[in-house]
Amino acid sequence: MQIKKYNGATAEPRAGEYIFFIQSHGYNAGRPLKNPIRNCWEVRTERSADFEILYIIFESKILTPFIGGSVIPFIRLSDYRNIISPILKNAIHENRIINAHYLQIRKIEEHMQQQDEIKTLMQEMKKSLSHEVFKKIQV
C-alpha cells in the first residue's frame, strides 16, 4: 500500500490496483473517500477491502487522539501510517480470506449510493412536474 499527498491529478491504476483517498484535514480527518477533495492523501493498494478496513478504523474513533491543530484539525501522515499498518496486517487472515463484514460494508455503501441517485431523480421529477403544473395554472 502506498499513501501520498494528493497533488490534484491521479495516474491510472495498474492492473489489480485500487485507488481511493483519505481526508487529511477537518473534523473528519482519516475518513476514506472514493473521490478526492482538496486536503487528502491518495492511497494505492492491491486489496479492494482496504477501503472498508480503513473506514472501520475511521468509524472506531481511534484516530481522534492523533488529530491536532487549533484552527484547522488535521492528522499527520506519519501518525496515520503508524496507526493503520498493524491493523491492516491483522485484518486479512493468513490464508488471504476476506472477512465477510468488509463486503457487507461495501454493499451498504453501494446501496446508499443507489438511494442517493434515486433521491436525485425524484427531486428532478418533482421540479419538472412543478414547472408543468405552474404553466397550466399560470394566468
*Asks:* Just how far is it from atom CD1 of I37 to atom CD of Q23, taken to the nearest 0.5 Å?
*Replies:* 4.0 Å

*Asks:* Evaluate F21 against Y6 for ring-ring contact (aromatic ring centres under 6.0 Å, His included), listing each step before the verdict.
*Replies:* CA-CA 8 Å; F21 305 89; Y6 176 68; 5.3 Å; yes

*Asks:* Any donor-acceptor pair under 3.5 Å linking the side chain of Q113 with the backbone of E110?
*Replies:* no

*Asks:* To the nearest 0.5 angstrom, please state how far the CG atom of N35 sits from the SG atom of C40.
*Replies:* 10.0 Å

*Asks:* Is it the case that one hydrophobic cluster holds both Y18 and F51, taking links as side-chain heavy atoms less than 4.5 Å apart, direct or via other members?
*Replies:* no

*Asks:* Decide whether M1 and I75 are clustered together by the hydrophobic rule: side chain heavy atoms of Ile, Leu, Val, Met, Phe, Trp, Tyr closer than 4.5 Å, transitively.
*Replies:* yes

*Asks:* With side-chain hydrogen bond (donor to acceptor under 3.5 Å, both in side chains) as the test, would you mind laying out the steps for R76 and S24 before giving the verdict?
*Replies:* CA-CA 8 Å; R76 289 177 186 83; S24 61; over 6 Å; no

*Asks:* Are I72 and F74 linked, directly or through other ILVMFWY residues, by side chains that come within less than 4.5 angstrom of each other?
*Replies:* no

*Asks:* For I84 and I3: C-alpha separation, side-chain torsions, deciding distance, then whether side chain to side chain contact (heavy atoms under 4.5 Å, CB included) applies.
*Replies:* CA-CA 11 Å; I84 67 165; I3 305 175; 3.6 Å; yes

*Asks:* With a 4.0 Å cut-off, would you call R47 and D50 a salt bridge?
*Replies:* yes

*Asks:* So does R44 pair up with E42, basic N to acidic O under 4.0 Å?
*Replies:* yes

*Asks:* Say you draw a straight line from CD of E52 to CD of E59; how long is it, rounded to the nearest 0.5 Å?
*Replies:* 13.0 Å

*Asks:* Out of curiosity, E132 CD to K135 NZ, how far, rounded to the nearest 0.5 Å?
*Replies:* 7.5 Å

*Asks:* So, S60 side chain and I57 main chain: donor-acceptor pair closer than 3.5 Å or not?
*Replies:* yes

*Asks:* Between I19 and A11, which heavy-atom pair has the shortest distance, and what is it?
*Replies:* CD1-O, 3.5 Å

*Asks:* In terms of hydrophobic clusters joined by side-chain contacts under 4.5 Å, are V43 and I87 together?
*Replies:* yes

*Asks:* Check whether T120 reaches the backbone of D116 with its side chain - one donor and one acceptor, N or O, closer than 3.5 Å.
*Replies:* yes

*Asks:* For F58 versus P32, what's the shortest heavy-atom pair and its separation?
*Replies:* CB-CD, 4.0 Å

*Asks:* Tell me whether I105 shares a hydrophobic cluster with L33, the cluster being built from Ile, Leu, Val, Met, Phe, Trp, Tyr side chains joined at under 4.5 Å.
*Replies:* no

*Asks:* Roughly how far apart are Q138 CD and K136 NZ, rounded to 0.5 Å?
*Replies:* 13.5 Å

*Asks:* Scan D79, L77, I83 and name whichever one has a side chain to side chain contact (heavy atoms under 4.5 Å, CB included) with R81.
*Replies:* L77

*Asks:* Which class fits the ring pair Y80 and W41: parallel under 30°, tilted 30 to 60°, perpendicular over 60°?
*Replies:* tilted

*Asks:* Report yes or no: does S85 contribute a side-chain atom to a donor-acceptor pair with the main-chain N or O of N82 at less than 3.5 Å?
*Replies:* no

*Asks:* Heavy atoms, side chains only, cut-off 4.5 Å: are Q123 and K126 in contact?
*Replies:* no

*Asks:* For the residue pair K34 and F20, would you count it as a cation-pi contact if the rule is NZ or CZ under 6.0 angstrom from the ring centre and within 45 degrees of the ring axis?
*Replies:* no

